[in-house]
Structure formats: structure tokens, C-alpha cells
Amino acid sequence: MRDGLSDILLEWYDTHARVMPWRVSPQDRKDGVLPDPYCVWMSEIMLQQTTVAAVKDYFHRFTAKWPTVSDLAAAEDADVMAEWAGLGYYARARNLLKCARAVVDDHGGRFPDTREGLLKLPGVGPYTAGAVSSIAFNRSEVVVDGNVERVMSRLYNVETPLPTSKPELTELARALTPEERPGDYAQAVMDLGATICTPRNPACGICPWREPCVARAEGTAASLPRKLPKKKVPTRFGHAYVARRADGTWLLETRPEKGMLGGMLGWPGSEWSDDPTPTPPFDGHWTTLNAEALHTFTHFHLRLKVHTAELPHGAEPGNAVLIGKHDFKPSSLPTVMRKVYDLAAATFVPVADDGSER
DNA sequence: AAAACGGGGGC
DNA sequence: GCCCCAGTTTT
């Protein structure tokens, strides 16, 4: 038996691998079983900037609704965006569809099996190309996500702050990537980072790499990786307009492809800025709520004033998306728009199934 | 090289 | 509540 660093980690992974819906167990992998590249790709796109816990239900819903890449390629854009609602970074969902259609149209419905081929696909960058090629196709490719950056910076006690240290960490990770079991190895390093070598309070005492780890010897593990200071986020303001017809139909709009929440359903509203101009979607009797919808994005806080009105028949603006009482699902809205809905909905009189107010 | 781009979880 | 976390694309 060899005892290189990667072998130590693989031995740990054999007994500690996390079970995930898109994964094949180390035992099954040794029997030659490989996961469905479509499922690996889907999970890796969802896992970008997102935790496993948040992804699980979305993964189940997507693969149940669209079991193959061909099914997804044939889906309606609006259905995919609605299903993605709440998961965030909506450009991922737009690229997910683009990518599925590229795989069907340009690759005969099969994912490219090399890093280079995968890198050409929409929404697939260095991390995802490495992950899919190694996990789904058992190719020895370096896989560097935030977990791997943290593990490498500690294992080798890299004190240069991120993102400056990224190339160095990638080289260190590449040097460790084995020819044997590269898919299990990639998942093992990420599992190590997610469960043992955590950002705070790393469990060095039970780490399979505790002996070779330089940061553990130096006592610097918890302080690594260093990061350049981040600037604090400004607050922006805006207005959202929630209107409902007497029969319970809601007035929404599809947001432009570019920009925040691109392609998602939302309430009509103003620009988000320091001092936005209120711009109701139609002239009517608007009521301004006392409460604001508060939401924080990556780079700014948002405070939305919520206005409500009854929507007269025939008053719909040109870009309106009208959704009937039974078809409207708050879960198909991005989170900030769902917060607006939660505030506004309480002020509307319930509508009976026959359309009469009660 | 830097900014844009969401949401969830830990403390 | 405040802080932290994390890939790809666009500028």
C-alpha cells in the first residue's frame, strides 16, 4: 500500500464520504460505477456559491421534472427560472438552459468528457470543468473550490492572502491530484474542507492530514486562509408595486435578461438607487404600506417601499405578466420579491374560488 | 484586475 | 443583526 498524501485522504474518504443524491459511493466507484454526467453537472452548477443543504431539494425537483439533458433543453425558459427561484445567482439558471441546449445541439446530447471541452460550455468555469471531468469521467484534473483553497492554504501554511494566493494554491492542489481515483479524491478534499477543515474551529484533532499539516504544527490553521479586507456595502432604495384584480389575478413582469434578478418574475417597480423616482405601472389609487421589504445582496442592502392597488380591467401595461389566482406561486419569485409579496398579500381581501371577494 | 451577481448559515 | 461563505461572467 502506498502512503502518499492523496492515499491517506482516500482511505479516510472510504469510511467518511458524505452521502449525496448525485454521488456514487466509493465502494460502487471501485466496482466501476460512474455517476450520470448530467446529474454531476446539475449539482455542481447548483453548488456554485451555495451550500449542499440549500441545493438538495432543488436538485431533486430539477431531476424529477427534467430527468435528462434533452428534457431540460426542451423546457420553457420561464419554467426553469421559476423552478430556480430562491436559489440565487440567477445567471446560473439562464446558463443552465443555454448549456443544456448546447449539449443537445452541438454534442449529440452527451456532455464533453474533457476539461477543455467542458470549459467551452456556458456557465462552466475552471472549477466546474475540473469537477465534472474528474467526478463524472474519472479524469485526473485539478479541482479548486473554496474548500480546496482553505485546505491547501492550511496544509502548506500559505500566508499570502486570497485572491493573490489563488494561483499558488491551485498549483499545490494540482501536485496532489492523483492518477488513481481522481473523482473520489476531488470529492474527498471538498468533504474534508466542509466537515473537518472548516472556516472556523477546524477539527484538526480528527483530521486525516493532521500529521503533515504545516498550519496545525504552527498553530495558524484557524487564521487561514487570509483574505484581503472587503469593503462594506451601501444601501439602495426602491419602490415595488403590487396590484391584484378583483378576480385574484396578479400583475407581475419578467425582469430584463441583464442585471439583477435577470429573467426572473418580479413586481413592477422603480430603479434601485439612492433616491429613486416612484413609477407606478398604471394610474390608480395606490396605498403605501408602513413596512419596507429589506433584503441584502452581495454588494448592497436594498429597502423597498411597497405599494398596493386594485388592478382595473384593461389597465395592464405592455410588459405585464398576468398570473391568475390558482397559477401564482410565491415560490416562483426571487426572495426579495417574495418578501414584497408577503408584506402586500396581507393587505388584500381574500378572493373566493368563484372570484368574488369575501 | 475588479465588479457584478443571491441567498443561507454561524455566531 | 452582523459577519462570513463562494464560481462565472462581464466590464
Side-chain angles (χ1 to χ4, degrees), chain A residues 40-58 81 83-99 102 115 118-132 142-153 161-167 169-170 173 186 189-190 193-195 197-203 222-236 255-266 272-273 293-304 331-340:
Chain A
V40 175
W41 162 77
M42 175 83 69
S43 64
E44 292 299 345
I45 299 295
M46 289 181 169
L47 287 164
Q48 291 168 9
Q49 312 294 93
T50 309
T51 59
V52 170
V55 161
K56 270 189 177 154
D57 288 349
Y58 284 86
M81 299 313 287
E83 207 62 52
W84 195 274
L87 199 52
Y89 283 105
Y90 297 98
R92 291 185 296 171
R94 299 195 302 273
N95 284 329
L96 189 83
L97 249 180
K98 267 195 216 166
C99 181
R115 178 190 188 87
L118 289 160
L119 266 176
K120 293 188 170 68
L121 296 172
V124 177
Y127 163 73
T128 307
V132 174
V142 69
V143 180
V144 184
D145 73 343
N147 290 301
V148 178
E149 289 175 355
R150 186 168 58 253
V151 170
M152 291 301 129
S153 69
L162 282 167
T164 311
S165 59
K166 171 108 182 169
L169 298 175
T170 300
V189 188
M190 293 191 281
T195 63
C197 196
T198 50
R200 281 166 299 223
N201 305 318
S223 70
L224 297 177
R226 294 188 185 169
K227 298 196 174 177
L228 262 15
K230 58 215 84 184
K231 50 197 128 194
K232 55 201 310 179
V233 301
T235 298
R236 295 185 194 168
R255 299 177 59 81
E257 289 295 308
K258 290 174 68 75
M260 291 292 299
L261 314 180
M264 296 299 293
L265 221 44
W272 301 343
S273 62
L294 305 179
H295 192 73
T296 298
F297 296 102
T298 315
H299 48 305
F300 62 92
H301 304 288
L302 180 63
R303 297 173 56 172
L304 284 182
S331 67
S332 69
L333 298 174
T335 299
V336 65
M337 296 297 171
R338 192 184 44 70
K339 288 179 180 174
V340 169

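Order of the sequence lines fixes the chain letters, A, B, ..., with proteins taken first and strands second; residue numbering starts at 1 for each chain. The figures that follow rest on heavy atoms only: side chains count, while hydrogens, waters and symmetry mates do not.
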Check: A:His299 ring centroid to A:Phe297 ring centroid under 6.0 Å: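 Not under 6.0 Å, so no.
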Which part of the nucleic acid, if any, lies within contact of [X], taking any heavy atom under 4.0 Å across all strands shown: a base, the sugar-phosphate backbone alone, or nothing?
{"X": "A:Arg94", "result": "nothing"}
{"X": "A:Thr335", "result": "sugar-phosphate"}
{"X": "A:Gln48", "result": "sugar-phosphate"}
{"X": "A:Lys227", "result": "sugar-phosphate"}
{"X": "A:Leu87", "result": "sugar-phosphate"}

Does a side-chain N or O from A:Tyr90 land closer than 4.0 Å to OP1 or OP2 of B:dG7, or not?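 The answer is yes; a side-chain N or O of A:Tyr90 sits under 4.0 Å from OP1 or OP2.
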Look at the side-chain N and O atoms of A:His295 and state whether any lies under 4.0 Å from the OP1 or OP2 oxygen of B:dG7.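 Looking at the OP1 and OP2 atoms of B:dG7, one of them is under 4.0 Å from a side-chain N or O of A:His295.
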Expected rows: protein N/O vs nucleotides 9-11 of chain B N/O, under 3.5 Å:
none

Separation of atom [atom1] in [X] from atom [atom2] in [N], rounded to whole Å:
{"X": "A:Leu169", "N": "C:dA6", "atom1": "CG", "atom2": "C1'", "value": "14 Å"}
{"X": "A:Lys98", "N": "C:dT8", "atom1": "NZ", "atom2": "P", "value": "15 Å"}
{"X": "A:Phe300", "N": "B:dG7", "atom1": "CZ", "atom2": "C1'", "value": "13 Å"}
{"X": "A:His301", "N": "B:dG6", "atom1": "NE2", "atom2": "P", "value": "16 Å"}

Only counting residues at least two apart or in another chain, list the ones meeting side chain to side chain contact (heavy atoms under 4.5 Å, CB included) with A:Ala194.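 Counting only residues at least two positions away or on another chain, A:Ala194 forms a side chain to side chain contact (heavy atoms under 4.5 Å, CB included) with A:Arg18, A:Asn147.
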Would you please name every residue forming a side chain to side chain contact (heavy atoms under 4.5 Å, CB included) with A:Ser332, sequence neighbours left out?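 A:Ser332 satisfies side chain to side chain contact (heavy atoms under 4.5 Å, CB included) with A:Ala82, A:Leu265, A:Lys329 only.
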CE/A:Met264 to CE/A:Met81 distance, rounded to the nearest 0.5 angstrom?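 Atom-to-atom, A:Met264:CE and A:Met81:CE are 5.0 Å apart.
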Heavy atom of residues 120-129 of chain A under 4.0 Å from DNA chain B: which residues?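 Of all residues in residues 120-129 of chain A, none places a heavy atom under 4.0 Å from DNA chain B.
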Close residues, residues 258-265 of chain A, relative to DNA chain B [heavy-atom separation under 4.0 Å]: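 Contacting residues: A:Gly259, A:Met260, A:Leu261.
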So what is the 5' to 3' dot-bracket string for DNA chain B, if pairs are Watson-Crick or G-U wobble with both distances under 3.5 Å, crossing pairs use [ ] and | means the partner sits on another strand? |||||.|||||
A:Asn95, nearest nucleotide to its side chain (from C:dG7, C:dT9, B:dC5):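 Closest nucleotide to the A:Asn95 side chain: C:dT9.
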